[in-house]
Amino acid sequence: MNAPRGTVDILPKDVKAWQYVEDQIKEICNRYHYSEIRTPVFEHTEVYQRGVGDTTDIVQKEMYTFEDRGGRSLTLRPEGTAGVARAYVQNKLYGEASQPVKLYYFAEMFRYERPQKGRMRQLNQFGVEVLGSADPAVDAEVIDLAMTVYRSLGLTSLKLIINSLGDKESRADHRQALIDHFTPHKEELCADCQVRLEQNPLRVLDCKKDREHPAMSSSPSILDYLNDESKIYFEDVKAYLDSMGIEYVVDPTLVRGLDYYNHTAFEIMSDAEGFGAITTLAGGGRYNGMVEEFGGPSTPAIGFGMGLERLLMALDAEGIEIPDDDELDCYVVAVGKEPEQAAVRLVHELRTNGIQVDKDYQQRKMKAQLKAADRYRAKYVLILGEDELSQGTVTVKEMATGEQKVLPKEELLETLHGKLTGGK
RNA sequence: GCGGUCGUGGCGAAGUGGUUAACGCACCGGAUUGUGGCUCCGGCAUUCGUGGGUUCAACUCCCACCGGUCGCCCCA
């Protein structure tokens, strides 16, 4: 029996790294004054069809959709934003006194794709959503938060790419321009793009196959179709980024694979060597229409999703070590029936009194138990043998120095407390 | 969905049509009678992803399937 394709077990030795980055990120979210939200791991399929968009790859070919016993169509969460927007509407968070609502989440996502380096069928994302503000400073704050996460973990090979997709009017104008531009060349484009031209011409720009086509380089840039309002908005976002010293590159072909974006779109990539073919670490943008799409009031919003597997890969690629300080306060060594029974009572007593302690459960010889204690990086070994048992004592050995002394059992707890708290 | 590549013990990794399947790490035991990290000695794959086929003989050749991995598309 193996785990399903595209899934992995995160074993204890790896969980350390996960907890480390999660702790760091949560601390940053707290500093930026964001609150955690937890939404269901599956939603009605319509949530993603309407929220993410019917023409997207996610909806068209990557969703884990199933029918429940009541005949309802449900889908395992493929991305975070739609569910959060749905929750925002359903719980009327737009009515909260504090606006905007600034949220973050850690959640697993599911996409039916062929796995490869940095691409899993079940993946973990950290994400942020800010709903209820159309201030370009929020766009900048969200981008700043993402960059701060990476920087604070020590990553340096980063590239921030931004673009503006404009508002509804700008997008419509640009869309028409794209159709006019590509239609004469339609037969020369790949099959996918011929469909895209009909459904969502913006995504033709995203195509890798037709990248070399002459019509690509001469295609109308969204930036030339931004109306004044959109243009000013984009300028403001860039000015805020400049003022915070955040470097970026404007890429007019960055359109993102999700239909809901308008105005700001951004992606953070890694430059690091040995990162594989996948370089996108995080992506996001503004989605001012989604809340309304779910039946809520017109609500501007922006957010991003950050792949945690890719974050860990990036740390690895840049040679950043995760601190590993696993130690064990005490390890009780006992050989023989009577001593072992006494040892069970002793570890229970010490644990009850707040001391971290473990013992052998493999009936190993004393020597092997000491070896185990060494492997666990135990600070102290408590030896409880026949002699100690008959005398009501415990031998305490400090592993770092090898020094040991015999203590009356009554003094053990106090001594350990003193050593473990004072010694640190 | 398509393509490349790989599949030998807990892990890493030799091997080659011929009959005991190297080695390293880890682990277990012993030298050490109650004491770790070093050293020495010993133990640890009736078996080479699964199923067929070729052959006197297959881990080695062929086919299929399964699985891993990398890449394409697209993205986290």
Side-chain angles (χ1 to χ4, degrees), chain A residues 1-8 11 13 52 55-62 77-81 106-127 146 190-193 195-196 203 205-211 254-258 267-270 274-284 303-314 328 331 333-336 339 360 362-389 395-404 406:
Chain A
M1 276 297 238
N2 295 324
R5 167 170 291 171
T7 68
V8 289
L11 302 172
K13 67 182 167 62
V52 180
T55 69
T56 60
D57 281 1
I58 285 182
V59 171
Q60 285 185 344
K61 53 182 197 187
E62 294 174 7
R77 170 173 58 208
E79 62 92 53
T81 302
F106 284 90
E108 51 293 279
M109 308 294 168
F110 303 85
R111 296 186 195 170
Y112 191 86
E113 290 191 278
R114 195 73 194 269
Q116 68 186 66
K117 196 178 183 65
R119 167 188 287 160
M120 295 282 120
R121 287 185 173 181
Q122 176 174 344
L123 58 114
N124 287 273
Q125 282 189 357
F126 155 66
C190 74
D192 284 342
C193 281
V195 177
R196 288 175 182 140
R203 296 197 56 228
L205 299 180
D206 222 9
C207 183
K208 301 275 196 308
K209 282 184 192 157
D210 291 325
R211 179 174 270 174
L254 175 70
V255 304
R256 309 280 310 144
L258 293 77
E267 217 163 273
I268 300 170
M269 327 256 276
S270 172
F275 200 71
I278 303 291
T279 55
T280 303
L281 295 176
F304 68 78
M306 175 183 292
L308 295 179
E309 283 81 0
R310 291 186 185 178
L311 169 54
L312 265 342
M313 277 174 60
L328 180 63
Y331 193 83
V333 167
V335 180
D360 172 78
Q362 304 298 320
Q363 286 75 48
R364 280 192 270 250
K365 302 274 165 50
M366 172 170 282
K367 179 189 165 84
Q369 292 191 30
L370 263 300
K371 199 171 176 181
D374 194 53
R375 208 165 35 226
Y376 290 137
R377 285 188 266 188
K379 296 201 260 294
Y380 297 96
V381 159
L382 313 179
I383 299 170
L384 193 53
E386 301 285 357
D387 298 348
E388 286 86 351
L389 205 54
T395 299
V396 177
K397 171 169 182 158
E398 183 173 357
M399 292 298 270
T401 61
E403 286 169 26
Q404 65 181 54
V406 181

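Naming convention: chains lettered A, B, ... in sequence-line order (proteins, then strands); numbering from 1 in each chain.
- Below the 3.5 angstrom threshold, one finds no donor paired with an acceptor across the side chain of A:R5 and the base of B:C66.
- Between the CD atom of A:E79 and the P atom of B:C74 there is a distance of 19 Å, given to the nearest Å.
- In terms of polar N and O atoms assigned as donor or acceptor, the side chain of A:E388 comes within less than 3.5 Å of the base of B:G34 in a complementary pairing.
- Geometric assessment of A:R77 against the ring of A:F110 yields a negative cation-pi assignment under the 6.0 Å and 45° thresholds.
- Listed nucleotides B:C74, B:C28, B:A76 differ in distance to A:D57; the shortest reach to its side chain belongs to B:C74.
- Of the candidates B:A76, B:U35, B:C70, B:U35 carries the atom nearest the A:T395 side chain, counting heavy atoms from C-beta on.
- Within the 4.0 angstrom heavy-atom criterion, no nucleotide atom of any strand lies near A:A373.
- Looking at A:T7 and A:Q122, their side chains never bring a donor and an acceptor atom within 3.5 Å of each other.
- Between B:U35 and A:Q369, no contact under 4.0 Å exists linking OP1 or OP2 to a side-chain N or O.
- Here A:A368 lies in heavy-atom contact (under 4.0 Å) with sugar-phosphate atoms only.
- Of the candidates B:C72, B:G67, B:G36, the closest approach to any side-chain atom of A:Q116 belongs to B:C72.
- Residue-level contact check: A:G127 touches neither bases nor backbone, having no heavy atom under 4.0 Å from any strand.
- Other residues, nucleotides and ligands contribute over 12 non-hydrogen atoms within 6.0 Å of the CZ atom of A:F106.
- Taking 4.0 angstrom as the limit, A:R375 places a side-chain polar atom (N or O) nearer than this to OP1 or OP2 of B:C27.
- With hydrogens and angles left out, the side chain of A:E113 and the base of B:A76 share a donor-acceptor pair within 3.5 Å.
- For A:Q404 and A:T395, the side-chain atoms include no donor-acceptor pair closer than 3.5 Å.
- Checked by distance alone, A:K397 brings a side-chain donor or acceptor within 3.5 Å of a matching partner on the base of B:U35.
- Nearest to the side-chain atoms of A:Q125 among the listed nucleotides B:C74, B:G34, B:A76 stands B:A76.
- Contact annotation: A:R364 reaches the phosphate of B:C28 (side-chain N/O to OP1 or OP2, under 4.0 Å).
- Residue A:K367 has no polar side-chain atom (N or O) positioned under 4.0 Å from OP1 or OP2 of B:U35.
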